[in-house]
Amino acid sequence: MYYGADYYPEHWPEERWPTDAEMMAEAGLNLVRLAEFAWTRLEPEPERFDFAWLDRAIEHLAARGIRVVLGTPTAAPPAWLVRQHPEVLRVRADGRRVHFGHRRNVCLVSPVYRSCAERIVRAMATHYRDHPSVIGWQIDNEFGCHDSARCYCEACQGAFREWLAARYGSLEALNRAWGTDFWSHTYRAWEEIPLPFADALPANPGLALDYRRFASDANVAFQRLQVDILRELCPSHFVTHNFMANGFQELNYYDLARDLDFVSWDNYPDLRRSDPAQLAFNHTCIRGWKGANFWVMEEESGAPGTTVISPNPRPGDIRLWSYQAIAHGADAIVYFRWRTCTFGAEQYWHGILDHDGRPRRRYYEVQRMGRELQRIGAQIVGSEVNAQVALIFDWDTAFAFQIQANNPAFDYFEHLKRYFVAFHRRNVPVDIIPWSADLRRYRLVLAPALYVLSPDAAARLRAYVEKGGTVLFDVRTGAKDVYNRVAEGPLPGLVADLCGVTVDEYDSLPPDVTVPLVFDTPIVSTQKLLAHTWCEVLAPQGAKVLVRYGGQYYAGQPAVTLNTYGKGRAVYVGTIANPPAYERLVDELLSSTGVQPLLDTPPGVEVTARWQGQKRLLFVLNHTNAPQSMSLPGEFHDLLSGQPLSGTAVLPPKEVWVLV
Ligand code: GAL
Ligand code: ZN
C-alpha cells in the first residue's frame with residue numbers, strides 16, 4: 001500500500017534533502033507527491049526547462065525506495081506568463097479580472113493558457129516517461145477551488161456561445177428551452193447571448209444552468225488536454241486529480257472522474273468539522289464519483305492555518321482519520337505535507353514536521369501507522385466496499401439548487417447527508433451513484449430531492465421498481481426539466497404515478513418553524529419527530545399513508561407515503577425532518593428490504609467492510625475519547641494487534657480494529 005507525503009524540496013536547501021528522504025523511509029513512507037506548484041522552477045523562462053534540481057531530489061528519494069507522483073503545475077502560472085499574456089487571468093462573476101499573486105487565477109478556456117499548459121506538461125512527461133521512480137501523475141490541483149470553477153472572460157463568452165450552438169442546434173430551440181419570451185430576452189444572433197454575471201437580479205435559470213454545465217465541461221476539457229498528453233507519452237503511469245469534498249459542488253465530478261484512472265482527494269477533517277459521519281460522507285462521495293476505490297492525496301497531518309491557526313489534531317486523530325479513509329475505500333494515504341514551510345501564504349498550514357524539521361508527536365504517529373501498513377497494507381489494497389443501499393447524487397440537480405435553493409436553509413449535499421447519517425448510525429454502507437448507474441445490484445435506492453428529472457432518469461427508476469426494487473423519493477422531485485423550467489404536470493412530475501401520489505401544495509417554512517410528524521405505526525421513539533424547512537401536502541392516488549403532519553393548517557394530511565408498483569415499492573417523503581425521524585424511517589426501510597447492519601455498536605463507533613472476493617475485512621473505529629464496549633457476533637482476528645477477539649470486547653479511545 002502506498003503511504004506518503006506531499007513534499008516540496010524546492011522549499012528547502014538541497015543539503016537537507018537526504019535527511020528528509022531518510023526520515024521518510026524511517027516513518028514507513030514509500031511515496032511522495034512532487035512539483036504541483038513548481039512551474040517557475042521547471043520553466044524559469046518561456047521554453048527553457050530545468051529538471052536537474054527535481055532529478056536530484058528524486059535521486060535521494062529513490063535511494064530510499066520512495067516512489068514519486070508528479071503534479072502538473074498548472075494551478076499556479078509563472079509571473080512571466082501572466083506578464084506576457086495578462087488575458088489569461090480569470091474574470092469573476094462581478095466582471096472584475098483577478099490579479100496575479102494567488103493561485104487558481106487563470107482561465108482554463110484561454111487558448112494561450114491552454115497552449116502554455118500543454119507545453120509544460122509535454123516537457124515534464126517527455127523527461128519523466130521512463131524514470132523508474134515515477135509511477136503516476138496528479139493533474140493540476142483542486143479544480144474549482146477558490147471560486148475558480150467559472151470564469152466570465154471574453155474567451156469564455158465565445159466558447160459558451162459555441163457550446164450552446166452545439167447543444168441546441170438553432171436559436172429557435174434555445175429560445176424555446178430557456179423561455180426567452182420572459183422579459184423580452186429572445187435572441188436573434190448567438191452574439192447576443194450574455195454570460196450570467198452577478199447582478200441585482202438572477203439570470204434566466206435556463207441560461208444559468210447551461211453556464212454551470214459549460215464551465216464544468218471546460219474544466220473537464222482542460223484536464224483532458226493533459227490526460228491525453230500523459231496517456232500518449234507515459235502509457236505505464238496512472239493519471240489522477242485531487243478532488244474536494246465538504247460540500248464543494250461547482251463541477252460535475254462524475255465527468256471529471258471519467259478520464260482518470262482513479263480519483264484522489266484532499267481530506268482536511270479539521271477539528272471544527274471532524275464529525276465522523278461528515279468525514280464518512282465525504283469519503284463515500286469521493287468513492288462514488290468513479291464508483292471505485294480512491295486515494296487520499298492530501299491528508300491532514302497538523303493544524304491547518306493561514307492567518308489564524310486551527311486546533312491541533314489530537315493524539316491518535318491523524319492515524320484514526322487515515323484508517324477511516326482506508327475503511328471507506330482509500331488505497332493510499334498521502335499526508336499534506338512533509339514539513340511546515342517557513343514562507344508563503346501557507347506558512348501556518350502544519351505538516352508532519354514543524355518548521356524546525358524535527359520529529360515530534362505527529363511524526364511518531366505517522367510512523368506507527370507506516371509500520372502497521374507495512375505489515376497489513378497488502379491485505380487491504382484493492383478490496384472493495386460492497387454496499388446494498390445507494391444514494392443518487394445528480395449534478396444537474398446540484399447546479400439547479402445552487403441557482404434556486406427554494407428555501408434559504410436548503411442545501412442539496414446537506415440534504416443527502418441526512419439520509420446518509422441515519423444509515424451510517426446503523427453501520428449500513430451506502431454508495432453514492434448517478435441515476436444512470438446499474439441499479440440492480442442495490443436492494444434500496446434513495447433519490448432524495450431529484451429536482452431536475454429527465455425522462456431517462458424517471459424511466460430507469462421506474463424499471464428498477466417494476467422489477468422489485470425499492471426507491472425513496474422526497475421533496476421537490478421532478479419539479480424541473482433539463483432546461484431548468486418548472487414541470488407543468490402535478491408533482492412529483494414524471495414519477496407521480498410511480499409514487500401513487502401528487503403534491504397538493506408545498507409550504508416553504510421560515511427557520512424557526514417545526515411541524516410534528518405522526519407515524520401511522522406506533523412509535524417507540526421517545527424523541528420528537530419533527531418536520532422543518534419544507535412541507536408538501538400529499539394527495540395519495542393509490543399510495544398508502546405512512547406519516548402525517550401533526551400541525552399547521554395541514555394537520556392530519558399525509559407527509560410520507562408508500563406505493564406498490566410492479567414487483568417493487570416507491571416511498572415518497574414530502575418533507576425535511578429531524579434526525580430521529582430519519583432514523584425511524586431508515587429502520588423501517590432496513591427491515592422491509594432485509595438489509596442488515598454490519599455490527600451493532602455504541603454511538604461514535606463506526607464500522608465498515610471491505611471485501612476481497614468472499615473474504616471480509618471489518619473496520620471498527622472508535623471516534624470517541626472513551627473506551628467502547630460491544631459484543632462481537634463470532635470469532636474474529638484483529639490484523640492490527642494480531643489478537644483473537646470474541647464476545648464482549650473493548651475498543652480503546654481513538655483505536656481501530658481490522659477484523660477478519
Ligand atoms: C489544499 C491544496 C494544497 C494546500 C492545502 C492546505 O486545498 O490542495 O495545495 O493549499 O489545501 O491549504
Ligand atoms: Zn475565461
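For ligands, and for the atoms within them, numbers begin at 1 and follow the listed sequence. What you see is a predicted model; the values in this text were computed from it and never measured.
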Side-chain touch Asp217/Trp163, heavy atoms, less than 4.5 angstrom: yes

Over 12 foreign heavy atoms within 6.0 Å of NE2, His146: yes

Residue pair Trp349 / Tyr268, side-chain heavy-atom distance below 4.5 Å: yes

Shortest protein contact, atom 9 (O) of ligand 1 (heavy atom only): Arg103 NH1, 2.9 Å

Angle at the Zn ion (ligand 2) (to 10°), with one arm to SG of Cys153 and the other to SG of Cys107: 100°

Test item, Glu36 contacting ligand 1 (heavy atom, 4.0 angstrom): no

Side chain, backbone, both or neither: Thr306 near ligand 1, heavy atoms under 4.0 Å: neither

Minimum non-hydrogen distance to atom 3 (C) of ligand 1, winning option of Glu298, Arg337, His350: Glu298

Closest approach of any protein heavy atom to atom 5 (C) of ligand 1, naming residue and atom: Tyr268 OH, 3.3 Å

Qualifying residue for salt bridge (charged side-chain N to carboxylate O under 4.0 Å, His left out) with Arg319, from Glu372, Glu365, Glu299: Glu372

Per-atom contacts, ligand 1 versus Phe37 - under 4.0 Å to a heavy atom: 9 (O)

Neighbour count above 12 (heavy atom, 6.0 Å) for Asp147 CG: no

Closest non-hydrogen atom pair between Tyr363 and Ala27, with its separation: OH-N, 3.6 Å

Which of the ligand 1 atoms, numbered from 1, are nearer than 4.0 Å to a heavy atom of Glu142: 1 (C), 2 (C), 7 (O), 8 (O)

Atoms of ligand 1, numbered as shown, that sit under 4.0 Å from any heavy atom of Asp266: 8 (O)

Geometric class of the His355/His350 ring pair [parallel <30°, tilted 30-60°, perpendicular >60°]: perpendicular

Ligand-side contact atoms (ligand 1) for residue partner Glu346, heavy atom cut-off under 4.0 Å: 4 (C), 6 (C), 10 (O), 12 (O)

Check: Phe243 ring centre within less than 6.0 Å of Phe248 ring centre: no

Ligand 1 atoms in contact with Asn141 (distance to a heavy atom under 4.0 Å): 2 (C), 8 (O), 9 (O)

